[in-house]
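For reference, the structure discussed in these notes is given below.
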Amino acid sequence: MAQKLYKPLLIDSVKAATNIPKQRFVGFDGGICAAGAKALGICDVETDAEQQAPIGVIGILLVESGGTIPQGAELTSDASGKAVVKAEGQKVNGYAQDAGEAGDIIRIVRGI
């Protein structure tokens with residue numbers, strides 16, 4: 001599989017409250033983002049608890065898909081921090097630049 005390019009415009013860091021897999025949504029508390037909640041951003045690398053996790057906040061970022069995602073869909077987090085299509089009442093954490101299936105790494109746009 002070809003490597004996907006991403007273009008982070010803002011990367012911040014947060015102390016990881018738990019072990020965080022790479023390419024998952026992270027909450028403002030430093031844990032994996034809760035289902036349907038607003039995310040601080042996406043963890044750029046696998047990070048152990050109590051370490052500083054680099055978080056892509058704005059830009060074209062890579063995230064693991066938690067289900068079938070059509071291109072252009074509004075995305076939110078599932079309970080494991082994976083991207084899923086937003087349902088009514090959930091927070092938008094980005095827009096799918098790529099379509100994908102569960103387990104795929106897709107590009108999303110955050111900050112628009």
Side-chain angles (χ1 to χ4, degrees):
M1 178 172 82
Q3 187 173 3
K4 295 188 177 208
L5 298 177
Y6 76 118
K7 299 174 188 168
L9 299 177
L10 175 61
I11 295 179
D12 200 358
S13 63
V14 66
K15 187 175 182 180
T18 185
N19 292 342
I20 302 172
K22 70 178 181 177
Q23 299 167 334
R24 301 283 179 95
F25 285 114
V26 174
F28 289 86
D29 63 356
I32 293 173
C33 189
K38 190 67 173 173
L40 171 63
I42 299 170
C43 192
D44 202 33
V45 298
E46 192 168 317
T47 306
D48 293 333
E50 303 299 317
Q51 299 300 310
Q52 291 294 315
I55 307 297
V57 179
I58 298 173
I60 298 172
L61 306 171
L62 300 176
V63 67
E64 185 174 346
S65 173
T68 301
I69 296 179
Q71 187 177 31
E74 293 180 312
L75 302 175
T76 194
S77 177
D78 69 7
S80 61
K82 296 178 184 180
V84 292
V85 175
K86 176 193 145 325
E88 188 171 334
Q90 295 180 322
K91 303 295 184 185
V92 175
N93 287 319
Y95 299 88
Q97 188 169 354
D98 300 330
E101 299 297 325
D104 289 349
I105 303 301
I106 62 168
R107 293 181 302 162
I108 72 166
V109 180
R110 280 186 51 95
I112 61 169

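L62 and I108 fall within a single hydrophobic cluster, where Ile, Leu, Val, Met, Phe, Trp and Tyr side chains are chained together by heavy-atom contacts under 4.5 Å. Residues V14 and L9 share a single hydrophobic cluster, defined by chaining ILVMFWY side chains whose heavy atoms lie under 4.5 Å apart. I58 and F28 fall within a single hydrophobic cluster, where Ile, Leu, Val, Met, Phe, Trp and Tyr side chains are chained together by heavy-atom contacts under 4.5 Å. I20 and I105 end up in different hydrophobic clusters when Ile, Leu, Val, Met, Phe, Trp and Tyr side chains are linked at under 4.5 Å. When the side chains of ILVMFWY residues are joined at heavy-atom separations under 4.5 Å, either directly or via intervening members, Y95 and I42 end up in two distinct hydrophobic clusters.
Distance alone, capped at 3.5 Å, is enough to place a donor-acceptor pair between the T76 side chain and the K91 backbone. Without hydrogens or angle criteria, D78 side chain to G66 main chain gives no donor-acceptor distance under 3.5 Å.
Across all their heavy atoms, Q71 and Q97 have their closest contact at NE2-O, 2.9 Å. When all heavy atoms of A96 and I69 are compared, the pair lying nearest together is CB-CG2, 3.6 Å. Among all heavy-atom pairs drawn from A79 and A35, the shortest one is N-CB, 3.7 Å.
Once rounded to the nearest 0.5 Å, the distance linking OG of S77 with CD of Q90 reads 9.0 Å. The line from CD of E64 to CD of Q23 is 7.5 Å long, rounded to the nearest 0.5 Å.
Judged as a salt bridge (Lys or Arg N to Asp or Glu O under 4.0 Å), the pairs with a partner in residues 92-112 (not counting sequence neighbours) are, in order, K4-D98, D98-R107.
The shortest distance between side-chain heavy atoms of L75 and I106 falls below 4.5 Å. Side chains of P21 and I32 form a contact here, defined as non-hydrogen atoms less than 4.5 Å apart. Contact annotation: the side chain of I55 approaches that of C43 to within less than 4.5 Å [non-hydrogen atoms, C-beta and beyond]. Put simply, the side chain of T47 reaches to within 4.5 Å of the side chain of P54, judged on heavy atoms. Under the 4.5 Å side-chain criterion, counting only non-hydrogen atoms from C-beta, K15 is not in contact with Q51. By the 4.5 Å heavy-atom criterion applied to side chains, L61 and V63 are not counted as neighbours.
In the displayed structure, K22 atom NZ is contacted under 6.0 Å by at most 12 heavy atoms of other residues, nucleotides or ligands. Within 6.0 Å of CD on E46 lie no more than 12 heavy atoms contributed by other residues, nucleotides or ligands. Within 6.0 Å of the NZ atom in K38, the count of heavy atoms belonging to other residues, nucleotides or ligands exceeds 12.
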Worksheet item: So V84 and F25, side-chain contact (heavy atoms from CB on, under 4.5 Å) or not? Walk me through it.
Response: CA-CA 11 Å; V84 292; F25 285 114; over 6 Å; no
